[in-house]
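Report on one structure; see the data block that follows.
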Amino acid sequence: MRSEVKDIIEKTLKKTAEYFKKDVDFALLPCEKEEFGDFYTNLSFKLADKENSPQKIAEIIKQKISPNLKGIIKKIETKNGFINFFINEDIYRDHILKIFQNGKEYLKENIGNGKKILIEFVSANPTGPLTIAHGRQAAYGESLSRILKFCNFDVTKEYYINDAGKQIELLGESLKARYYQLKGIKCEIPEEGYFGDYLIDIAKKIKEVKDDKNFFVEFAFNEILQDIKNDLKIFGVSFDSWVKESEFIKNKEVENVLNFLKNKNLIYEKDGSLWFKTTIFGDDKDRVVVKKDKSYTYLATDIAYHKYKIERGFEIIINIVGPDHHGYIPRLKASIASLGFAPENLIVLIVQLTTLYRGKEKLRMSTRKGQFITLRQLIDEIGPDATKFFFLFRKIDSHLDFDIEVAKKQSSENPVYYLQYAYVRLKHLIKYAKEKEYTLEGNQFSIDLLNNDEEIELMKKVWKFNDIISNVVKTYGVHLLAEYLLDISKLFHSYYQKYRIVSEEKELTYARLVLIKSLLVVFELSLNLLNISLPERM
RNA sequence: GCGCUUGUGGCUUAAAUGGAAAAAGCGCUGGCCUCCGGAGCCAGAGAAUCCGGGUUCAAUUCCCGGCAAGCGCACCA
């Protein structure tokens, strides 16, 4: 396997470093340029001093390690002080044969070891439809979850519903106003309320007003939450668990956790409110948890919520949020630290905003004012797969400019179709081969016939899959997988154009079909991890 | 004013504890369909990585200082 090869080289290098009697950090990294080989190390730079140039040391190291790496390494070159390794191509051939035989199981990497992770994402307030920002978070959170699960983390996806507090009350009042306006009765939406047209549509659905002070709140809440769930379903995003903020108030968990903090002397009274000493955990100022009117702040219920996360035994807690929450992070870290959870195991991933353009026109968004393109509208316009891919293809820290016109206009040359087309081609090749009576079961294959440049390059790329995945896990950079898949698609399309896979030459055809099948495994898996659909035809 | 994030060809974006000549897509120029699906392929033009310093054998990457953009700085969520 891939990592074993790397390990052997690494260990051999380490031994050599000891010979030089220096304790240095060095890297073993993939080469950027083909001609440099597959891996290089900078060890010689680290060991160099006034007496010994990197070039000289590289040469010595090469001589020392060469005998130990026979079989794995085809040749070792030194150039400008770098030591370059060329992997024996049989390693690649063996790898694709294993994938051919064992499918995606062979690509699994046990990074997580069953560790329990909670991923909370989207968690949009049920006061309006999902926006583009939520869409980006949803696409990212879903894909990240899938990848972590594949790497043997025990993942739970959770959506936190803010159904308590001032915002939800304003929602109720806004709906009430819309309802009476429809009846021709003058009634103003509160200044801070929600002005979006969607509340008019919801108001139209009200047949009869029940005599309950929560009627409008509940009606709006239920309708909107239903819409949110529906949009997520269309987007292919699902949750294992839905948690309501109001529950923590109802079951006294907020009260309990505040008492707990009070006993630890972390709560004090000032100006008629209760304050939480977040400063002792590094926040810039203390924060109110119980307001003058005795109601809880968002932070108060959130502490209870995070206590609930911890109690369920999660070792890593990931919160995916928008950039408007960044100032909130120290408070949250303070909260969980005070509950005895290591703050570094709370990982807050901030997904930057997307700016929508329609050509030159920048589309400004405001949920409250009701001026926005919803996620649903975007999906309807350019399709769920293309939408997801646009989001996933960029790293989350980038402020994304998304031009709807471009996304639509280019739809046929959209990268996502390029990937899907590669998949369809692979699928079709297998089918075609079967029609030509090539059966893949129970055969011996001469895979050493896979020896042209394109085939070797493709096999190498397949070999790198595990590196990409572990990098994604390490950096939470889902976009790396999307990039990878685009690269490998390119290699494949090019290969396909140049060589005939299914031909009259039986042995060669079989060898190539092994490669095709292993590519298919990689594509199927990767598209699944990215949550992009696998079309049968296009 | 303070904080977080970002600044890479015309446009949208990559670049794994700092490493060799910065990589793709779109757009542009010129080619390729009697052949497993042309939603494809091949070739080409196009970048001193926002500016100024610093650390290093080596900086898109790290540090300091600017400039610009987005977002925050609530007893809202």
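Put simply, Thr355(A) has no side-chain N or O that comes within less than 4.0 Å of OP1 or OP2 on A69(B). A sub-4.0 Å separation between OP1 or OP2 of U12(B) and a side-chain N or O of His399(A) is absent. Proximity of Lys291(A) to the phosphate of C76(B): a side-chain N or O atom is located under 4.0 Å from OP1 or OP2.
For Gln167(A), counting side-chain heavy atoms from C-beta on, the closest listed nucleotide (G38(B), A77(B), A14(B)) is A77(B). Comparing C75(B), A77(B), A20(B) against the side chain of Arg331(A) picks out A77(B) as the nearest. Taking every side-chain heavy atom of Arg425(A) into account, G38(B) is the closest of G38(B), C57(B), A77(B). Which of U5(B), A16(B), C57(B) sits closest to the side chain of Pro30(A) comes down to A16(B). Nearest to the side-chain atoms of Phe82(A) among the listed nucleotides G40(B), A20(B), C75(B) stands A20(B). Checked against A20(B), G70(B), C36(B), the side chain of Ile501(A) finds its nearest nucleotide in C36(B). Out of A16(B), C71(B), A20(B), the shortest distance to the side chain of Asn471(A) is found at A16(B). Checked against U13(B), C71(B), A74(B), the side chain of His326(A) finds its nearest nucleotide in C71(B). Taking every side-chain heavy atom of His428(A) into account, C36(B) is the closest of C73(B), C36(B), G40(B). Closest to the side chain of Arg287(A), out of A77(B), A16(B), A74(B), is A74(B).
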Are any protein N/O atoms closer than 3.5 Å to N/O atoms in nucleotides 24-27 of chain B? If there are, list each pair with its distance.
{"from": "A24(B)", "atom 1": "O3'", "to": "Lys490(A)", "atom 2": "NZ", "distance (Å)": "3.4"}
{"from": "G25(B)", "atom 1": "OP1", "to": "Lys490(A)", "atom 2": "NZ", "distance (Å)": "3.0"}
{"from": "C26(B)", "atom 1": "O2'", "to": "Gln410(A)", "atom 2": "NE2", "distance (Å)": "2.2"}
{"from": "G27(B)", "atom 1": "OP1", "to": "Glu413(A)", "atom 2": "OE1", "distance (Å)": "3.4"}

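Within 6.0 Å of CD in Glu344(A) there are more than 12 heavy atoms belonging to other residues, nucleotides or ligands. In this structure, Glu505(A) places its CD atom where only 12 or fewer heavy-atom neighbours from other residues, nucleotides or ligands lie under 6.0 Å away. Residue Lys244(A) places its NZ atom among 12 or fewer non-hydrogen atoms of other residues, nucleotides or ligands, all under 6.0 Å distant.
Phe26(A) comes within 4.0 angstrom of a base, heavy atoms only. Counting non-hydrogen atoms under 4.0 angstrom, Tyr40(A) reaches a base of the nucleic acid. Using a 4.0 Å heavy-atom criterion, one finds that Lys395(A) contacts the sugar-phosphate atoms exclusively. Using a 4.0 Å heavy-atom distance criterion, Glu245(A) is classed as a sugar-phosphate-only contact. Nucleic acid contact class of Ile168(A) (heavy atoms, under 4.0 Å, all strands): none. Nucleic acid contact class of Lys434(A) (heavy atoms, under 4.0 Å, all strands): none. Using a 4.0 Å heavy-atom criterion, one finds that Val424(A) contacts the bases of the nucleic acid, with or without backbone contacts as well. Among the heavy atoms of the strands lying under 4.0 Å from Tyr499(A) is at least one base atom, whether or not backbone atoms are also near. Among the protein residues, Ser494(A) comes within range of the sugar-phosphate backbone only, with heavy atoms under 4.0 Å from sugar or phosphate atoms but none that close to a base. Using a 4.0 Å heavy-atom distance criterion, Leu480(A) is classed as a sugar-phosphate-only contact. Base engagement by His325(A) is indicated by at least one non-hydrogen atom pair under 4.0 Å involving a base atom. Among the heavy atoms of the strands lying under 4.0 Å from Lys292(A) is at least one base atom, whether or not backbone atoms are also near. If you check every strand for non-hydrogen atoms under 4.0 Å, Leu353(A) touches sugar and phosphate atoms only. Among the protein residues, Arg500(A) comes within range of the nucleic acid bases, having at least one heavy atom under 4.0 Å from a base atom.
In this structure, Ile396(A) places its CD1 atom 15 Å from C1' of C71(B), rounding to the nearest Å. To the nearest angstrom, P of C32(B) lies 21 Å from NE2 of His493(A). Taking atom CG of Leu419(A) as the reference point, atom C1' of G40(B) lies 14 Å away to the nearest angstrom. Rounded to whole angstrom, the span from the CZ atom of Arg136(A) across to the P atom of U6(B) amounts to 12 Å. As a whole-Å value, the separation of Asp401(A) CG from G7(B) P is 12 Å. Between Asp284(A) atom CG and G72(B) atom P the separation is 16 Å, expressed in whole Å. Tyr496(A) places its OH atom 14 Å from the P atom of C42(B), with the value rounded to the nearest Å.
Side-chain atoms of Glu507(A) and Phe445(A), non-hydrogen and from C-beta on, never get closer than 4.5 Å to each other. Side-chain atoms of Tyr432(A) and Ile501(A), non-hydrogen and from C-beta on, never get closer than 4.5 Å to each other.
One cannot find a donor-acceptor pair under 3.5 Å joining the base of G72(B) and the side-chain atoms of Asp324(A). For a distance-only test at 3.5 Å, the side chain of Glu35(A) qualifies as a donor-acceptor partner of the base of A21(B). Taking 3.5 Å as the limit, the base of A20(B) and the side chain of Asn84(A) contain a donor-acceptor pair of atoms between them.
The partner of C62(B), taking Watson-Crick or G-U wobble pairs whose two distances both stay under 3.5 Å, is G54(B). In this structure C36(B) sits in no base pair that meets the Watson-Crick or G-U test at under 3.5 Å. With a cut-off of 3.5 Å on both pairing distances, A48(B) has no Watson-Crick or G-U wobble partner at all. Base-pair partner of G27(B): not found among the strands shown (Watson-Crick or G-U wobble, both distances under 3.5 Å). As the counterpart of G3(B), C71(B) is assigned, both hydrogen-bonding distances of the Watson-Crick or G-U wobble pattern falling under 3.5 Å.
The gap from the C1' atom of A68(B) to that of G52(B) amounts to 15 Å, rounded to the nearest Å.
Between Asp385(A) and Ile532(A), the shortest heavy-atom contact is OD1-CA, 3.7 Å.
Side-chain atoms of Ser295(A) and Asp293(A) form a donor-acceptor pair, as typed in the model, at a separation below 3.5 Å.
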